[in-house]
Amino acid sequence: MIKKILVANRGEIAVRVMRTCREMGISTVAVYSEADRKSLHVRYADEAYFIGNSPSNESYLVIDKILDAARKSKASAIHPGYGFLSENAEFARRCRKEGFIFIGPSSHSISTMGDKITARQTAMNAGIPVVPGTNREILNEKGLSGIVKEFGLPVMIKASAGGGGKGIRLVKNEKDLKSAVRAAKSEAMSAFGDDSVYIEKYISSPHHIEFQILADKFGNVIHLCERECSVQRRHQKIIEESPSPLMTPGLREKMGEAAVKAAKAVEYEGAGTVEFLVDEDLNFYFLEMNTRLQVEHPITERVIGVDLVKAQIHIAAGEPLMYKQSDICQLGHAIECRIYAEDPFRNFMPDPGLIRHITEPTGLGIRTDGYVYEGYEIPIFYDPMISKLIVWGIRRGDAIDRMKRALYEYKISGVKTSIPFLKNIMNTRSFIDGKYNTHFIEDNLETLIKPGTECGATCEDMSVIAAFFDYMTKIKMFQSPAQSVITPDGWKEYGKRKSITRL
Amino acid sequence: MIKKILVANRGEIAVRVMRTCREMGISTVAVYSEADRKSLHVRYADEAYFIGNSPSNESYLVIDKILDAARKSKASAIHPGYGFLSENAEFARRCRKEGFIFIGPSSHSISTMGDKITARQTAMNAGIPVVPGTNREILNEKGLSGIVKEFGLPVMIKASAGGGGKGIRLVKNEKDLKSAVRAAKSEAMSAFGDDSVYIEKYISSPHHIEFQILADKFGNVIHLCERECSVQRRHQKIIEESPSPLMTPGLREKMGEAAVKAAKAVEYEGAGTVEFLVDEDLNFYFLEMNTRLQVEHPITERVIGVDLVKAQIHIAAGEPLMYKQSDICQLGHAIECRIYAEDPFRNFMPDPGLIRHITEPTGLGIRTDGYVYEGYEIPIFYDPMISKLIVWGIRRGDAIDRMKRALYEYKISGVKTSIPFLKNIMNTRSFIDGKYNTHFIEDNLETLIKPGTECGATCEDMSVIAAFFDYMTKIKMFQSPAQSVITPDGWKEYGKRKSITRL
Amino acid sequence: MGGKNMVKEKVSLAYNSFQMTSLDIKIKDRLAKVKLISKDKSKLTVMVDNKKYEVDIEKVGGGIYSILHKNHSYNVELIETKDSKSYQANTFYQTFDIEIQDAETRYMHNRNKADSLGTSKVISSPMPGRVVKIMVSKGEKLTAGQTTIIVSAMKMESEYKSPMDAVVKDIMVKEGDIVSANQPLIILE
Amino acid sequence: MGGKNMVKEKVSLAYNSFQMTSLDIKIKDRLAKVKLISKDKSKLTVMVDNKKYEVDIEKVGGGIYSILHKNHSYNVELIETKDSKSYQANTFYQTFDIEIQDAETRYMHNRNKADSLGTSKVISSPMPGRVVKIMVSKGEKLTAGQTTIIVSAMKMESEYKSPMDAVVKDIMVKEGDIVSANQPLIILE
């Protein structure tokens with residue numbers, strides 16, 4: 001059995017992993033950079049090791065520092081979370097070489113799926129449909145027009161080492177092709193240190209749908225159904241839901257089988273995600289495989305009823321899968337909204353800063369996975385995602401109603417957040433109808449970035465009155481005999497009544 | 001459709017009902033007593049009406065005041081919550097007479113089930129087993145020894161109008177019988193204004209198991225499986241779980257059928273609960289029916305996947321049940337802990353007061369239903385329950401592990417709470433094994449009221465060091481050049497950096 | 001309800017004659033005149049422009065006011081922003097910037113306006129972040145639109161360009177520095 | 001580690017010679033001697049009795065301190081109780097009452113002890129509540145164990161009995177009154 005796990009990550013995912021460890025009676029080890037001394041994962045863990053300066057390339061991305069902390073703490077296993085070193089084949093190899101259980105797949109699986117050209121080739125060999133395109137790196141510009149003739153325009157140029165929307169170019173006219181390839185190559189080189197690019201046919205109005213898979217060390221692989229992830233802004237997911245409104249039982253079975261095949265093709269172990277593009281005619285194409293836990297894993301946990309981190313740990317400990325494919329079914333509908341510290345009304349500008357006050361939604365069908373607390377200052381160095389809000393309802397409509405209620409209750413002050421933007425999405429017709437694709441945000445941007453006006457004239461005046469009252473109290477302008485009952489500060493009043501002597 | 005609902009209650013249940021109303025797009029009306037002006041239900045509601053002085057018999061129990069608020073607010077329906085007027089047949093009758101939809105059963109159902117002798121008789125007539133005993137009020141003391149001969153000792157004397165453990169006497173020796181009847185009668189008279197008592201055989205080592213039922217206006221009645229409620233202190237439930245560890249599929253079917261029969265026998269409408277005693281040999285006996293929502297309804301919501309308040313509102317609006325009996329099945333395991341503002345280490349003394357700080361557990365499988373917030377002062381007039389913590393796990397063991405994790409994370413300061421007591425229960429062998437009955441608390445009291453000692457010597461010294469550091473900072477004894485980095489108050493530091501001019 | 005004659009209503013509590021009983025409050029682009037009519041414990045009567053409001057207002061912790069007006073329940077969270085006269089007000093539905101206006105704030109406003117004219121040659125970032133790259137050097141001649149500095153925050157990089165043809169007068173930061181929102185980075189002339 | 005000779009270690013920071021560098025701190029029934037060895041930003045070295053601790057201590061909001069000691073992570077919430085020298089300390093596992101002891105607190109303690117001897121004839125309730133019923137009248141002679149007053153809080157009624165044979169000297173409250181914890185209700189003599 002695994003007794004102690006080092007979590008090589010920060011933020012909500014580090015806390016989320018540690019919560020499951022605590023439930024399993026496993027000790028937890030945090031690592032932290034200078035900016036993260038007060039971060040919740042440090043406070044939540046049983047142990048914490050300092051690993052360097054705030055920029056992640058001087059701390060969370062330095063393999064030696066992570067392994068050093070693992071040795072010092074005598075951890076038996078390392079969980080990489082998502083991001084940072086989670087899809088770094090070298091890290092997985094080093095962990096294992098130095099005697100730690102790496103909670104994730106083999107280096108081989110990671111590197112095969114990490115390079116998109118190899119991944120495409122692997123999927124094709126396994127008989128999984130891929131987006132039509134080149135199966136090799138584009139080495140020179142001579143064959144370009146031939147390629148375009150084969151697939152038709154528009155096409156996408158993509159970096160083989162790609163991720164985060166970098167090294168991608170859409171080409172609509174043949175005359176732009178050469179310059180787009182050059183631009184993509186140069187961007188890929190500066191982002192990933194690798195300028196390999198390939199060309200894919202452009203799928204119009206695509207849905208981004210992914211399948212969660214679980215695979216143990218004994219060759220058992222199952223899928224845990226799909227997540228619809230088409231609500232994206234600049235290739236970053238904003239909202240995910242399960243089931244997908246587009247899905248049919250037949251398509252689910254076919255895509256699930258393809259996902260399992262993809263995992264088997266790389267002898268996958270652990271939790272992973274196979275991403276597909278699906279067009280309006282329900283044709284699906286393998287896109288890539290993420291060889292780690294996803295941000296959006298909680299919606300699968302909710303509709304399937306499985307703790308994915310617990311499953312990861314069991315698999316890493318060498319236990320066979322607890323579930324068979326026939327045990328898996330979706331119950332109800334789950335939606336996740338990602339809450340970012342950013343100002344949706346000022347071009348989504350990140351807004352790090354001090355959290356003054358938080359009220360989180362609770363009650364039936366609500367889960368929050370966050371890491372900020374009152375008095376915490378969000379550092380400027382890392383991802384702006386501060387929380388995930390996951391709701392469940394028996395039907396999709398119930399889940400949307402509950403999400404609206406939860407967003408209404410969710411109050412974070414001190415920093416700007418994406419909550420108003422998310423509220424607007426919940427009120428957009430095509431989202432409500434479940435008829436949207438990856439163009440959704442772009443197509444509706446104008447209405448989505450409109451500040452709410454539901455407050456009305458009286459409500460606006462109430463804000464004015466509150467400010468009037470607060471200011472008058474502050475400057476001690478309320479001098480009537482009734483003054484003693486004004487209690488601008490509950491603590492003070494309490495202090496008085498309890499006759500607390502203060503310094 | 002119902003457009004506006006007045007919630008004739010306070011505390012967590014008022015907020016819980018309003019949350020579902022908000023999800024359904026129904027406006028909410030709160031009523032509040034003097035002590036409750038700042039209570040969360042007033043803040044959460046769309047409208048709020050003052051109904052009188054703090055003691056509940058001058059506010060929440062005054063039918064005329066509730067109806068007056070309903071009229072003024074033009075509410076179309078009234079939800080009674082639990083407690084207060086929820087099982088008052090007269091209130092149900094008055095609501096309907098004055099044109100409001102009462103979200104609950106008919107006055108006839110309430111009064112039939114409210115009187116325990118009538119309820120027993122009704123159950124017997126419907127062919128449901130009841131605890132052997134007298135079917136009529138004990139009018140004189142002559143027949144007493146004959147009764148005892150019939151059922152054997154020990155017996156229970158119970159008030160027909162009973163509730164809350166009042167008017168109940170256990171008699172083990174025949175010589176104590178007469179005085180026990182007299183005592184029970186006198187207690188019943190002073191508690192309920194009705195001295196009718198009856199005698200039941202004493203079921204030893206009983207389990208308290210109840211079935212949730214839903215019934216629409218068209219005679220459709222289904223049950224939503226059971227809740228095990230045997231963890232009780234002085235007849236008050238502390239922890240509930242579903243499924244019951246004692247239950248078998250066969251017994252569930254039989255008891256579920258009996259529950260449905262009981263509901264049909266009084267032409268029940270809405271959500272209700274049929275309570276049973278179950279002995280070690282799995283014999284079950286009808287105990288009573290609660291004609292309202294129960295405190296512990298969330299565990300059923302979790303394992304069955306239904307919003308019971310939404311179901312109540314749909315039924316009250318005249319809609320047929322959304323579910324058939326065959327749709328209902330339990331998935332996984334849910335446990336609820338009730339958090340009270342009381343000191344478990346000082347004889348469970350209530351501890352009203354100011355909430356200084358709250359950290360609520362979140363993440364996978366956790367739900368909290370509470371109403372207190374930071375800066376709120378819990379009034380002395382009402383129930384000491386401040387929150388309910390509900391967890392879910394795929395198996396019972398997972399749910400217990402999760403509950404331990406959640407109780408570990410749950411921090412409420414300013415008042416004493418029952419959290420340490422609940423933690424002790426989660427670590428008690430017979431609870432972990434699911435082998436407990438209504439004597440559980442009594443049998444384990446000594447270990448259950450022991451304060452935790454997991455902290456250890458170093459952890460104790462850390463508390464000392466924190467106090468040292470805090471005090472030294474407060475009296476400005478840290479005068480070294482490093483002082484500027486001591487930030488005892490994050491706000492102040494922030495204020496300085498942002499150059500906020502304060503008054 | 002409402003109507004201009006309401007303004008004449010008497011102040012029902014005996015206030016010190018030197019006390020301020022009205023304020024100008026700016027909310028969004030609107031300047032609201034708020035006048036105290038009476039106050040008895042938590043019961044407050046005020047005129048906001050020409051509308052009279054009788055409210056019950058209570059502070060409930062966390063900087064939040066609970067207000068009951070004609071039995072409607074409102075929650076307003078007030079957060080002081082740049083000084084004690086500036087608030088961000090969060091209602092359940094909307095967020096407002098609010099400013100108490102008096103002689104002092106009006107003076108400061110005018111001064112800031114003057115300042116901002118004089119300082120339009122300062123390049124700064126509206127968000128806190130870390131200086132990734134400085135693209136210019138002191139004394140360098142710039143053309144309008146030329147990138148001067150790149151600042152990153154939370155994985156997003158922003159380029160700040162020169163608003164005009166100018167000369168770099170001074171560079172106030174170096175690469176790797178952590179900067180606050182609106183801190184001067186590069187001075188042009 | 002530990003050992004008495006550690007106590008002699010030098011204070012490594014130049015403190016003002018008048019400064020207090022040690023305190024007696026009472027936790028549960030234990031009186032711990034805490035002595036400052038050094039402090040550099042958040043790094044604190046102290047002796048607690050004869051054990052030396054090097055910790056990294058940070059206040060993280062909500063009155064909570066995060067402490068790292070030998071890479072172990074502790075959270076201690078401190079709440080001031082009756083005065084600035086008294087705390088309730090909540091760890092993730094346990095709750096402690098803590099008191100800073102100095103000449104002043106020791107004096108107060110002794111005085112309170114004396115007081116409590118003199119005031120043992122006062123009947124009070126350890127919890128706040130509402131007076132439901134007063135069972136005695138002024139001047140009445142009581143026998144030990146006789147119920148004097150009933151106070152209710154949160155639906156629970158508590159009866160307070162006379163600890164001895166006594167006479168009711170004074171009744172400080174009336175039925176329906178709201179009383180604080182430990183407020184004198186009935187005075188006996």
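So you know, we letter chains A, B, ... as the sequences are listed, proteins then strands, and number each from 1.
When all heavy atoms are compared, the tightest approach of B:Tyr373 to C:Val60 is CE1-O, 2.7 Å.
Proximity to chain B (any heavy atom under 4.5 Å) is restricted, for C:Asn75, to the side chain, taken from C-beta onward. C:Asp56 touches chain B through backbone and side chain together, each having a heavy atom under 4.5 Å away.
More than 12 heavy atoms of other residues, nucleotides or ligands lie within 6.0 Å of NZ in C:Lys161, so this atom counts as buried by the packing criterion. For NZ of C:Lys155, the number of neighbouring non-hydrogen atoms (other residues, nucleotides, ligands) closer than 6.0 Å is 12 at most.
Evaluation of the side-chain contact (heavy atoms from CB on, under 4.5 Å) rule for B:Pro298 yields B:Glu301, B:Glu336, B:Arg367, B:Lys388, B:Ile390 as partners, not counting sequence neighbours. Partners of B:Lys74 by side-chain contact (heavy atoms from CB on, under 4.5 Å), not counting sequence neighbours: none found. Under the side chain to side chain donor-acceptor pair (under 3.5 Å) criterion, C:Lys169 pairs with no residue, sequence neighbours left out.
Among the residues in residues 42-51 of chain B, those with a non-hydrogen atom closer than 4.5 angstrom to a non-hydrogen atom of chain C are B:Val42, B:Arg43, B:Ala45, B:Asp46, B:Glu47, B:Ala48, B:Tyr49.
Taken from CD1 in C:Ile64 to CD in B:Glu374, the straight-line distance is 10.0 Å, to the nearest 0.5 Å. Interatomic distance, B:Lys38 NZ to C:Glu58 CD, rounded to the nearest 0.5 Å: 4.5 Å.
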